[in-house]
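Quick note: numbers below take in every heavy atom, side chains included, and nothing from hydrogens, waters or symmetry partners.
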Number of protein chains: 2
Amino acid sequence: MLDNILFFAILVKKGTKSVKIVTDTMNNKKVPESAISRLFVYLRELIELAKVGIHNISSAELGERVNQSDAQVRKDLGHFGQFGVSGAGYNIEELKSALEKILGKDKAWNVAVVGAGHLGSALLTYPGFEAHGLKVAAAFDSDARKIGRELGDITIQPIDDMAKAIKAKNISIGIIAVPAKIAQEVADKLISAGIGCILNFAPAGLTVPENVKLKDVDLSRELETLSYFLANKKSV
Amino acid sequence: MLDNILFFAILVKKGTKSVKIVTDTMNNKKVPESAISRLFVYLRELIELAKVGIHNISSAELGERVNQSDAQVRKDLGHFGQFGVSGAGYNIEELKSALEKILGKDKAWNVAVVGAGHLGSALLTYPGFEAHGLKVAAAFDSDARKIGRELGDITIQPIDDMAKAIKAKNISIGIIAVPAKIAQEVADKLISAGIGCILNFAPAGLTVPENVKLKDVDLSRELETLSYFLANKKSV
DNA sequence: GTATGTGAAGTAATTCACAGCT
DNA sequence: AGCTGTGAATTACTTCACATAC
């Protein structure tokens, strides 16, 4: 049994002006981030369907299964091309591999975790990354006592080695799990080391250049939102 | 040090049609959920500012600090009333207490955790709830071996006792941390026990009546989205 | 007949811009 | 002069509806 466990939560930060995401596709139209998120849901459903041995599905059926309208399904797919057959629907195998390609699930990405406190340690040993094509390849901390320690199968390195290690190991995702005060500093270091994508667990509003994808993670806001809905619930 | 840690992530599920949120205010206008989420950020910033001894702030300054436009700040506040002074800005203490009231942070809510596996256990011992006015008041599991076990200061009860306990302890938030297959079943039980608000950690599309607030939590989708952005990044 | 793909219509959220208050 | 509060304009996302393809 686990004795000490931590949990955290992701919140898609919507208003960050410093982040303009490169979501253009084939024909230069912007794809809503929500659409991409739904594509992953379609993909998962398709994988399930494939397992069951079904080979074909209509947008209406697929939508039904994931609580979306048929039009939404078609529009979402439409951002990336034409995958269906008029009158017949979509071939599940084909659509599945098309989505895997579009969504980058056919590739693996190296991840660096910065900060080896509770949360950082959690991330280092979190088993879910691999299933999503992510490989934790390095961990950093500024605390001398933590450096050299092994967690999972990687060794914690000093933050000053970050730039070198990130380039050497071809790491493209940085996860920030440090206190809020130094989060921006860490972000800057990651960015100057050439990282493309930051998952930020610190409750701090980070500023990043437009070509870096920032995703903020904030359990507190989610929990808090719950209290709002309770406080303002109309007793129907 | 922690040996075993888990982490999870919240994703605001946007397309769920079954969930129509009661976000009406004073004058019956709908308030975007994103606005509410931002209000919490403003509130946190105000608390910081109050600590530093600042008493007044303009929408532009506040916005600056949290990466929002001045107009956004004013619009968000405008949904709930008029808190500012023309030409002078907002009194920090006043705005702080107004927001605390609006957002329900002045109340405490009882929470039930269903499912005492890794994630459920994590939640039971997660120290962050209290800071947000949430109190874990009960935990349930269907596994006979887990029943009776103590985690933190609460005892795991059989799922069949749920309805009783929820009413007895005046619990208004249910957290679902069970496998996807039984998530809907658990949700139905929670709802019929009169729960108002569900935080769902199972990767399952739950259906709930309109008067129940459902919030889905899904680390996978967040992680996945990262790969998409890497896969489709324009190298600029 | 059946289901796609896609402009057009509709709905929602954000940003603009300025009248009016202090 | 400075800043709020708020309609109007803009931008973004979703739903409709139908011409088109099988």
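If you check residues 85-92 of chain B against DNA chain D, the residues with a heavy atom closer than 4.0 Å are B:V85, B:S86, B:G87, B:A88, B:G89, B:Y90, listed by number.
The distance from atom CD of A:E64 to atom C1' of C:dA3 is 16 Å, rounded to the nearest whole Å. Between the CD atom of A:Q82 and the P atom of D:dA21 there is a distance of 10 Å, rounded to whole Å. Between the CD1 atom of A:I36 and the P atom of D:dA12 there is a distance of 14 Å, rounded to whole Å. Atom-to-atom, CG of B:N67 to P of C:dT15 comes out at 12 Å; the value is rounded to the nearest Å. C:dT14 atom C1' lies 8 Å from atom CZ of B:R38, rounded to whole Å. With rounding to whole Å, A:H79 atom NE2 is found 12 Å from C:dG5 atom C1'. For the pair A:D70 CG and D:dC16 P, the computed distance is 9 Å after rounding to whole Å. Following rounding to the nearest Å, A:L95 (CG) and C:dT4 (P) show an atom-to-atom distance of 11 Å.
The nucleotide whose nearest atom lies closest to any side-chain atom of A:P32 is, among D:dT14, C:dT15, C:dT14, D:dT14. You'll find that the side chain of A:S34 is closest to D:dC13, out of D:dC13, C:dG5, D:dT6. Closest contact between the side chain of A:K75 and the listed nucleotides D:dT4, C:dA3, C:dA8 involves C:dA8. Checked against C:dA3, C:dT14, C:dG5, the side chain of A:S58 finds its nearest nucleotide in C:dA3.
Note: A:I173 CD1 to B:S227 OG = 6.5 Å, rounded to the nearest 0.5 Å. Between the CG atom of A:N170 and the CG atom of A:N110 there is a distance of 6.0 Å, given to the nearest 0.5 Å. Between atom NE2 of residue A:H132 and atom CZ of residue A:F40 there is a gap of 9.5 Å, rounded to the nearest 0.5 Å.
Not counting sequence neighbours, A:K189 has no partner by the side chain to side chain donor-acceptor pair (under 3.5 Å) test.
With respect to A:D106 and A:K101, no salt bridge is recorded, no charged nitrogen being found less than 4.0 Å from a carboxylate O. Under the 4.0 Å criterion applied to side-chain N and carboxylate O atoms, B:E33 and B:K213 are assigned as salt-bridge partners.
Remark: side-chain polar atoms of A:Q184 are paired, donor with acceptor, to backbone N or O of A:T207 under 3.5 angstrom.
Exactly one residue among A:D216, A:V114, A:I191, A:I175 makes a side chain to side chain contact (heavy atoms under 4.5 Å, CB included) with A:I198. That residue is A:I191. Between B:K96 and the options B:N91, B:L43, B:L49, a side chain to side chain contact (heavy atoms under 4.5 Å, CB included) holds for only B:L43.
For the helix from C:dG1-D:dC22 to C:dT22-D:dA1, the end axes, each set by the C1' atoms of five terminal pairs, are bent relative to each other by 0° (nearest 10°).
Considering every non-hydrogen atom in both A:N67 and B:L206, the closest pair reads ND2-O, 4.3 Å.
Toward the 5' end of DNA chain C, the nearer of the two residues A:L77 and B:Q72, judged by each one's closest nucleotide, is A:L77.
Phosphate proximity of D:dT4 to B:R74: present, with a side-chain N or O under 4.0 Å from OP1 or OP2. Between D:dT15 and A:Q68, no contact under 4.0 Å exists linking OP1 or OP2 to a side-chain N or O.
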